[in-house]
Amino acid sequence: MIDLLYFAWVRESIGIGHERATPPAEVANVAGLIDWLAMRGGGYAEALGDKTRLRAAVDQLFVPLDASIAGAREVAIFPPVTGG
Amino acid sequence: MIDLLYFAWVRESIGIGHERATPPAEVANVAGLIDWLAMRGGGYAEALGDKTRLRAAVDQLFVPLDASIAGAREVAIFPPVTGG
Amino acid sequence: MLVTEAAIDIAAELDALERACGGAVATFTGLVRDDGGVEELFLEHYPVATEKALSDLAAEAARRWSLAAATVIHRVGAMAPGERIVFVGTVAAHRAEALEACAFLIDRLKTDAPFWKRETRGQDARWVGERESDRDAADRWKRS
Amino acid sequence: MLVTEAAIDIAAELDALERACGGAVATFTGLVRDDGGVEELFLEHYPVATEKALSDLAAEAARRWSLAAATVIHRVGAMAPGERIVFVGTVAAHRAEALEACAFLIDRLKTDAPFWKRETRGQDARWVGERESDRDAADRWKRS
């Protein structure tokens with residue numbers, strides 16, 4: 001069971017900011033997780049279809065999309081940051 | 001007749017911050033003016049003896065010591081600046 | 001290091017920085033601009049991760065420069081044009097350290113901390129895109 | 001641009017800068033340090049020439065960067081440790097311009113404006129010498 005967090009337009013497209021899910025064992029990294037979620041269609045497909053527009057954090061640490069999710073408790077998916 | 005201004009330790013050594021003087025015609029530049037004033041001895045000699053420690057402005061414009069004083073109305077002599 | 005929904009009280013922050021007993025205080029304040037009629041700016045963040053990102057930045061600044069104090073405050077939630085989004089303040093014995101650390105903190109905050117801006121103009125609300133220049137500005141601190 | 005014997009009111013200056021409608025405000029404040037027991041710092045200046053020097057610096061900053069506003073205030077006379085000697089503030093649409101112009105103004109002010117500092121420790125009053133590092137900091141703006 002992984003906590004999934006969505007921010008900014010990813011959150012708005014999907015319609016929620018937080019959910020919990022258990023991806024199948026063959027989903028090994030963040031990119032795989034995104035593809036698996038996008039298969040749900042609708043807002044998920046819209047938000048997660050183009051991975052070049054997405055960034056991620058595993059357990060609050062920024063990671064590249066090929067980072068492993070083995071043992072992850074929290075994965076966040078979001079657009080490039082624009083603060084400051 | 002030139003207005004002469006002294007600042008910081010130059011002023012303190014000489015004992016006054018402002019005076020008026022008419023240097024002889026052969027005094028052509030700031031360095032010459034400083035030498036001419038230093039010849040007065042006392043605080044003037046003390047303040048003006050070492051020109052490497054001095055900077056100058058002619059009519060409120062910073063100049064090198066070989067700058068002409070022809071037509072100058074105001075010459076200021078002072079140490080390197082230390083503001084800010 | 002603080003993320004807050006409340007307005008940023010600069011006078012109080014400056015007062016605290018000046019009491020840190022350095023000779024040089026540098027600050028940067030980012031304000032909401034009314035670019036093309038922006039009426040509201042909404043700042044979203046990733047709470048636990050923003051605190052970690054800001055602490056990491058402060059720790060890196062403290063490693064690189066000798067600072068008497070450093071403050072980073074980022075506002076979140078809805079703001080109007082002219083309001084303060086972010087405040088960075090640094091104190092050091094000499095000005096070069098304070099100025100460089102201040103520029104470092106705001107440059108890196110722009111790319112390393114999980115904040116997102118949404119601008120509202122009338123009925124049109126849109127999320128601000130990544131700026132290439134922000135990435136370049138943050139990168140220069142990695143090279144040096 | 002102002003040379004004054006009165007204490008510098010930073011809150012009022014920041015307020016004015018923020019009203020200039022830029023998105024980025026950078027400031028630098030120099031405070032009297034109590035280096036080795038300094039009890040009083042006395043700032044002397046060359047009145048007409050300081051005003052000219054500060055105006056020239058502001059004009060050069062306005063040529064080099066697109067600024068919505070710039071403020072330089074330098075205090076003169078006797079000050080105690082912790083008091084503000086100098087305040088520089090800049091406003092621009094984007095942060096790089098505000099930060100660079102602020103650093104430029106304080107770096108060049110240190111070498112181009114006719115101010116002199118005298119430190120008093122007990123019975124010992126001495127004029128501060130030129131700092132090589134100040135000349136280097138000012139020079140980098142001439143090269144770039």
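Side-chain atoms are counted along with the backbone in the values below, which use heavy atoms only and exclude waters and symmetry mates.
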Problem - chain D interface, residue from Gly82(C), Ala137(C), Cys102(C), Ala93(C) that has the most non-hydrogen pairs under 4.5 Å - result: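 Going by pairs under 4.5 Å, I would pick Ala93(C).
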
Exercise for the section: Identify which of Ala26(C), Ala11(C), Cys21(C) forms the greatest number of heavy-atom pairs closer than 4.5 Å to chain D. Expected result: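 Looking at each of Ala26(C), Ala11(C), Cys21(C) in turn, Ala26(C) comes out on top.
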
Do [X] and [Y] make a side-chain contact, defined as non-hydrogen atoms from C-beta onward lying under 4.5 Å apart?
X: Leu14(C); Y: Leu14(D); answer: yes
X: Arg95(C); Y: Asp134(D); answer: yes
X: Glu18(C); Y: Glu83(D); answer: no
X: Leu99(C); Y: Ile106(D); answer: yes
X: Leu31(C); Y: Val91(D); answer: no

Problem - Segment of Asp107(D) engaging chain C (4.5 angstrom heavy-atom cut-off) - result: both

Exercise for the section: Sort Arg84(D) into side chain, backbone, both or neither according to what part of it lies under 4.5 angstrom from a heavy atom of chain C. Expected result: side chain

Practice task
Could you tell me the separation between the CZ atom of Phe28(C) and the OG1 atom of Thr90(D), rounded to the nearest 0.5 Å?
Solution key: 9.0 Å

Problem - Arg126(D) atom CZ: more than 12 heavy-atom contacts under 6.0 Å - result: no

